[in-house]
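Each remark here refers to the structure printed beneath this line.
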Amino acid sequence: MLIANCLTICAAGAILIAMLTGTLALCVLGLCLTGLSYGSCSTTTATFPAVFYGMKHYPTNVAYMTFNLMGGSLVATLSSLLLTATGGYVAPFLLLLGLTVVALGLNLALRKP
């Protein structure tokens, strides 16, 4: 999860810098990192509850893990509002960076029960 989280931070940072500097190669790198980080979501969502909490309440724990999609749908709407209000992609990517840094802090604070 930490690797996926760091990949997301690097992806958003690379794309943000690419937008500000107009560097196509950095944008392509950021998009590749985005694909890697997004691809790890389903794997960690299925594996983490079993490894961290065990199999006793696995179905319930997976349901909690996938509940993050509710927040994700709201963040997409917020990003669209930011894009419309600012006329550019910088604000939505700053939002993504901020949320991902918060997620990194939560990942680092997570302790096994």
Can you get from Ile17 to Tyr89 by hopping between Ile, Leu, Val, Met, Phe, Trp and Tyr side chains that sit under 4.5 Å apart? no
Would you say the side-chain atoms of Thr23 pair up with the backbone N or O of Met19, donor to acceptor, closer than 3.5 Å? no
SG of Cys41 to CE of Met1, rounded to nearest 0.5 Å, is 10.5 Å
| Leu31 with Leu36, same ILVMFWY side-chain cluster at under 4.5 Å | no
Output for pair (Ser40 OG, Ile3 CD1), nearest 0.5 Å, gives 9.0 Å
Q) Is the OH atom of Tyr38 crowded by more than 12 outside heavy atoms at less than 6.0 Å? A) no
> Would you call Tyr53 and Phe48 a side-chain contact if the rule is heavy atoms closer than 4.5 Å?
Replying inline: yes
N/O donor to acceptor pairs below 3.5 angstrom from side-chain atoms of residues 90-111, sequence neighbours left out:
residue : atom : partner : partner atom : Å
Thr100  : OG1  : Leu96   : O            : 2.6
Arg111  : NH1  : Leu108  : O            : 3.2
Arg111  : NH2  : Leu108  : O            : 3.4

Residues Thr44 and Met65: closest non-hydrogen pair is O-CE, 4.2 Å
On a heavy-atom basis, the closest approach of Val62 and Pro49 is CG2-CG, 4.0 Å
For Thr34 and Ser37 the tightest heavy-atom approach is O-OG, 3.0 Å
Q.
For residues Ile15 and Leu29: do they belong to one hydrophobic cluster (side chain heavy atoms under 4.5 Å, members Ile, Leu, Val, Met, Phe, Trp, Tyr)?
A. no
Is Leu2 linked to Leu7 within one hydrophobic cluster, defined over Ile, Leu, Val, Met, Phe, Trp and Tyr using a side-chain heavy-atom separation of less than 4.5 Å? no
Heavy-atom closest pair (Ala46 atom, Tyr58 atom, distance to 0.1 Å) is O-OH, 2.8 Å
What donor-acceptor contacts under 3.5 angstrom involve side-chain atoms of residues 71-82, with partners at least two apart or in another chain?
residue : atom : partner : partner atom : Å
Ser73   : OG   : Met70   : O            : 2.7
Thr77   : OG1  : Ser73   : O            : 3.3
Ser79   : OG   : Val75   : O            : 3.0

To the nearest 0.5 Å, atom SG of Cys27 lies from atom CG of Leu16 at 11.0 Å
Tightest non-hydrogen contact, residues Ala14 and Leu26, listed as O-CG, 3.5 Å
Under a side-chain separation threshold of 4.5 Å, the hydrophobic residues clustered together with Leu24 are Val28
